[in-house]
Amino acid sequence: MRWSVGHTLVIVESPTKARTIRGFLPKDFKVEASMGHVRDLPNNASEIPAAHKGEKWANLGVNTASAFEPLYVVPKDKKKVVKELKDALKGADQLLLATDEDREGESISWHLLQLLSPKVPVKRMVFHEITKEAIGRALEQTRELDMELVHAQETRRILDRLVGYTLSPLLWKKVAWGLSAGRVQSVAVRLLVQRERARRAFKSGSYWDLKARLEQAGGGFEAKLTHLKGERIAGGSDFDESTGDLKAGSKVKLLSEAEAKALQSQLQAAPWTVAEVEEKPTVRKPVPPFTTSTLQQEANRKLRLSARDTMRTAQGLYERGFITYMRTDSVHLSDQAINAARSCVAAKYGKDYLSPAPRQFSTKARNAQEAHEAIRPAGEAFRTPNETGLKDKDLALYELIWKRTVASQMADARLTMLSVELQSGDASFRASGKRIDFAGFFRAYVEGSDDPDAALEGQEVLLPALKVGDSPTCKAVEALGHQTQPPARYSEAALVKMLEKEGIGRPSTYASIIGTIVDRGYATLANNALTPSFTAFAVTALLEEHFPDLVDTSFTARMETTLDEISQGQVQWLPYLESFYKGEKGLETQVQQREGDIDPGVSRTVELEGLPCVVRIGRFGAYLETKRVADDGTEELLKATLPQEITPADLDADKAELILRQKADGPESLGEDPETGDQVYLLFGQYGPYVQRGQVSDETPKPKRASLPKGVKPEELSLEDALGLLRLPRHLGEHPDGGKIEAGLGRFGPYVVHHKGKGEKDYRSLKAEDDVLMVGLSRAVELLAMPKKGRGGRTALKDLGTPEGGDEAIQLFDGPYGLYVKQGKVNASLPEGTTADTITLEQAVELLAAKAATGKAKGRKPAAAAAKKPAAKKPAAAKTTTPKKPTTTKTGRLRASAVRVIKAADR
C-alpha cells in the first residue's frame, strides 16, 4: 500500500534496530524504540497497583478466579519510555508497529497498542531482515495484529508464572530460600542430575587390545586387532555401565593384560597377509542452514560461545542488518537467498563446486514453528566476512553463518571408505581409511570444525595400495590397555540438542534457561561442561517424588505441543489453563495437598552412595553431617561446610573424610612461617580451600588468609606456595609511564594492578597460563596494555578518562542496545544523537550520575556521582526491596517476597 504524506511513527524494540531501519525509511517517518517489553506481570510488591494490593492473587499477578486475567503493570524503568512514545505519537498520522515477527514481538506490539491507545490508523509491519529491499516490501505488505500469536505468548507467560510462583515458595520452605522452579528450567536441571547420577553409578571396566604398525611399498599404516581364533575382541561398548563387567550374553573375547602382551610378542616376528580389501564409495550432503538451536550448538562447539552470548551477538548482527532474524525453527531459504549463496560459491570456489540444482531443506524439529527463513546473511547479495568490517565475536559468528549458508548450496562431497582385513596366525586385524575424491561443500564448511582446510586433512586417512595376498612388513605391535569412560556431562550444545530433540521449551528461550540454571546455582559451567550442584540434586529429588509430571520430559513436551496448538487456533487457551491449574489434579491443589507431606529434613538431604556421611542443604550452602562418638562416650553430630566449588561429581569418600577430620581435629598445618614463627594452615571454607597464617585469637581476630587460585589442588599445596600466597600482593616494579605494578589475588582471581597515582588504579586479570606467584614485570606491562573488556567480553571503543575525585576511568562501549558509558558497575546509555565522536567526559559523568540517582544501578555508584550526594543518603532502590511493614505470618512473609526472589520466572 502507499502511505500518505505526513508524520508516520514506527516503533521497534531497540535503539540499534531503530538506527538501522531509519536509514531505509522516508524522511517523514519517525522511528522510536520501546526498549523491549513495556508491560509485564508485576516483578515485585512495589509494582502492584494500590487498587489490587489487598488481593490474595496480586503477588501472583494472575487472577485465577476470574478467567486467569493477568495483571499488567508498566515497570518503573519503562514509565519514561512509555511517556516518550506517547509524546512521539502526538501529531502522527499513522502508527506502524515494527517489532519482531514472532510471538514475543507480536505481544510487544499488542501491549504498545493497549498502552498508547492511538486515535490514528495502526498497522503491523514485519520483516525478517533489515535491508532496504526487505523494509520496502514490509511497508507494502502491512497487516493487522495476529491475536492468536498474542494469546499464545500470553498463555505461555501465565503458565510460566503459575508454575514458578506456585512451586518456588514451596522450595523455599522445604529446601532453601531463594530457589526457583520453572516449567522448562526444572526439566533441564533434571536432565543434568540424571546424567550426573549415571556418572556416579558408573563402574569402569578394563580391556586390552593390540595395535600394529605396518608398511607396504614404503607406505605406513596402522591396524587394530578385531578377532582372535574367530572370536571378536571385546571393546568399550560390550561392558555393562552399572557393573563394569561384560554385558550378560556377550560372545566376545576379553583379553587380559598378560594375554595381550603374550600375543604382542608372538606377532612381532610372525608373517602378515592381506586377506580382504574393500573400497566403498559414499556421498556426504551439506547440512541445512542454521536454526536458532543449531546456531547455538555450533557456536558453542566451534567458537566456545555460551548460548546466551550467541543469542546476544546474533541479536546485534540482526539489528545492524548483517543477518536475518535469529529466532527461527525453519531451515528454508528464499529464492533470493539461494541465488546469493550460489553466487558466492561460484565466485569463491568455482562453478564445479555448485550443487547441480538449488537445494531446499525441510524442517524436522518437533513442534517447529515460526514461518521465517533460516538464519543467513542479510540481503540480495551476501557480504563476505572480510567485507563487513566486523570484529571479534561479531565477525566469528557472522563467518560461521556465512559459511554454513553458502555450503548449503554446494556440491556433495564424494569419498571412498577403505577397509583392509589382515591375518597373522590366529589374529585378525583391520586397517581403515578414507579418501576424499571430491571435497564439495567440505571446502567451505565442516560441521564441528573451525578450519575447513584442516578438517579436510584430518578427515582423509589414506592407506597404501594393497591387494589380497600382499605381505606387509610389521614394524611394531603395541599392547594397549583401556578403561571404559562414564557418560559425558552435558555441554551447552548437548543440552540444547537434547531439549530440542525432546520437544521441551522453545529454542529461542534456551539461552535464558541455561543462564538461569547457572545463575541460580543449580549448575556450574566449567570447561564447557554443565555440572549440577547439591541443590540441583535435592530439588530434583523433591519434584520427582511429589510432582513427577512437572519434571517428566514427555509431559513437558505434550504441554509444548498444546501451547503451539493454541498459537494455531486449534486449542482454546482458557480451558487449558483451567485444567492445568484447577481441580483435583490441578497444580494448585497438588501443592496444597503435598505441602504437609514433605519433610524438610528429608528434602534437604542428599544421599550419595559410598560416602561416610550425608550432604544437607543449609541456609549458607551444602554441608556434611555424620554422627561420631565424643570424648565422653556420647554420640554427637559432626557438621562441616562444603566448599562451594565441590560438586556431587567431585565428592568422594576420601574428600568427605578429609573435610570432616579437619572439622573434628582442627586445621592441618603445612609448616612454620620462618618470618613470623606462626604455623601456616590449610583450611576449607564455604568459598573453597584457603591458607591461613596463625590461628584466630583475641590478639589476632583476623589472621592473614589467602584463597587457593583456581586449579591448585589442596593436596598438592606446598609450604613455599602457601607462604607466597600469604605474602601477596607482590611488588613487580615500576610501569614505564610511572607508578608501581603489583600482582595479587582478589575475589575474581589473580590480577596485576598499575597504581597510576592519586588513587587511580588499572586492573587486568591474569590469563590461565599465568602464575600469580611467578608473573614478572614485562608480562604485567603486556597485560596492562591490553584493552579492558566490558559487558559480554566487549572491548571498550575509547577511554574517556577519570573524572576529578574518581578512582575509576569511564569507558565507552557498543552494546546490543547501542552506545553506553561505563564506570565501575554502573552503565548509562547515550542519548539519541550523541555519537562515539561527540561524547565528552563531562557528559558521561552527568549520564552516570543521573543513572545512579534513579537507584537502578547495581553495585556502587561512580565516584563522580557519589560526590554530588550526601554519603549517608541511601539509593532509592533500597525502598522498593523491603516492605515498610513486616507481614505478620510466615506464610505472608513468603508470599510478599515471592515476586522479589523469583523475578526471572522460567520460560
Side-chain angles (χ1 to χ4, degrees), residues 207-238 252-253 255 260 263-264 266-287 301 349-350 352-353 355-356 407 410-480 482:
Y207 61 97
W208 285 75
D209 60 15
L210 298 179
K211 181 173 71 175
R213 285 192 290 109
L214 305 156
E215 188 175 287
Q216 172 74 16
F221 63 101
E222 291 184 349
K224 289 186 176 181
L225 177 67
T226 60
H227 293 75
L228 186 62
K229 295 182 180 179
E231 196 173 11
R232 185 171 66 82
I233 298 299
S237 60
D238 295 307
V252 293
K253 170 67 176 175
L255 277 185
L263 187 58
Q264 173 190 12
Q266 177 186 331
L267 295 176
Q268 287 279 35
W272 291 69
T273 305
V274 175
E276 185 181 337
V277 177
E278 183 182 10
E279 293 193 0
K280 185 178 179 181
T282 187
V283 170
R284 295 275 178 85
K285 295 184 179 296
V287 288
R301 283 194 290 255
Y349 304 106
D352 290 344
Y353 282 86
S355 59
M410 292 179 72
D412 297 341
R414 298 193 298 274
L415 304 88
T416 298
M417 311 305 290
L418 310 169
S419 178
V420 178
E421 302 288 338
L422 300 110
Q423 199 72 30
S424 181
D426 294 330
S428 299
F429 284 73
R430 178 181 295 124
S432 299
K434 185 194 304 182
R435 185 177 66 240
I436 298 176
D437 302 314
F438 177 67
F441 74 93
F442 282 172
R443 285 288 306 278
Y445 189 87
V446 179
E447 196 169 22
S449 173
D450 296 341
D451 184 349
D453 293 329
L456 284 178
E457 292 177 14
Q459 287 211 358
E460 195 164 47
V461 182
L462 297 176
L463 297 177
L466 292 163
K467 61 182 185 296
V468 175
D470 283 347
S471 299
T473 304
C474 178
K475 293 295 185 181
V477 178
E478 188 178 358
L480 301 172
H482 305 275

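Quick note: numbers below take in every heavy atom, side chains included, and nothing from hydrogens, waters or symmetry partners. Computed from a predicted model, the values in this text were never measured in an experiment.
- Counting only heavy atoms from C-beta outward, the side chains of K280 and T416 never approach each other to under 4.5 Å.
- Smallest separation of non-hydrogen atoms from A479 and L210: CA-CD2, 3.5 Å.
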In sequence, state the C-alpha distance, the side-chain angles, and the governing distance for V274 and V420, and then conclude on side-chain contact (heavy atoms from CB on, under 4.5 Å). CA-CA 7 Å; V274 175; V420 178; 3.9 Å; yes
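- Between L263 and L228, the closest side-chain pair of non-hydrogen atoms falls below 4.5 Å.
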With a 3.5 Å cut-off and sequence neighbours excluded, list the donor-acceptor pairs that the side chains of residues 422-430 form with protein atoms.
residue : atom : partner : partner atom : Å
Q423    : OE1  : S428    : OG           : 2.9
Q423    : NE2  : G425    : O            : 3.3
Q423    : NE2  : A427    : O            : 3.3
Q423    : NE2  : S428    : OG           : 3.3
S424    : OG   : P271    : O            : 3.1
R430    : NE   : E421    : OE2          : 2.7
R430    : NH2  : E421    : OE2          : 3.1

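- Rounding to the nearest 0.5 angstrom, the gap separating the CD atom in E231 from the OG1 atom in T226 is 12.0 Å.
- Checked for salt-bridge contact, R435 and D437 meet the test: a charged N lies under 4.0 Å from a carboxylate O.
- Contact between G235 and D238 at its shortest, heavy atoms only, is N-OD2, 2.8 Å.
- Between the side chain of E278 and the backbone N or O of S419 there is no donor-acceptor pair closer than 3.5 Å.
- Using a 4.5 Å heavy-atom cutoff, the side chains of M410 and F442 are not in contact.
- Closest heavy-atom contact between L214 and A223: CD1-CB, 4.1 Å.
- Interatomic distance, CD of E215 versus SG of C474, reported as 11.0 Å (0.5 Å rounding).
- Heavy-atom minimum distance, Q264 versus V477: NE2-O, 2.9 Å.
- One finds the CG atom of L462 at 8.5 Å from the CD1 atom of I436 (value rounded to the nearest 0.5 Å).
- Contact of the F221 side chain with the Q216 side chain is registered, since non-hydrogen atoms from C-beta on lie closer than 4.5 Å.
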Test log, rule side-chain contact (heavy atoms from CB on, under 4.5 Å), inputs L255 and L225: CA-CA 11 Å; L255 277 185; L225 177 67; 3.7 Å; yes
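- Proximity of Y445 to P286: side-chain heavy atoms (C-beta onward) are nowhere separated by under 4.5 Å.
- The shortest side-chain heavy-atom distance between K253 and R232 does not fall under the 4.5 Å cut-off.
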Using the ring-ring contact (aromatic ring centres under 6.0 Å, His included) rule, take Y353 and F438 through it: C-alpha gap first, then chi angles, then the decisive distance, then the call. CA-CA 9 Å; Y353 282 86; F438 177 67; 4.9 Å; yes
Would you sort out whether L480 and Y207 count as a side-chain contact (heavy atoms from CB on, under 4.5 Å), showing the intermediate values? CA-CA 8 Å; L480 301 172; Y207 61 97; over 6 Å; no
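- Taking CD of E222 as the start and CG of L463 as the end, the distance is 10.5 Å to the nearest 0.5 Å.
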Quick one: do D209 and H482 satisfy side-chain contact (heavy atoms from CB on, under 4.5 Å)? Show the steps, please. CA-CA 8 Å; D209 60 15; H482 305 275; 2.9 Å; yes
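- Under 4.0 Å is where a charged nitrogen must lie from a carboxylate oxygen, and between R213 and E478 no such pair does.
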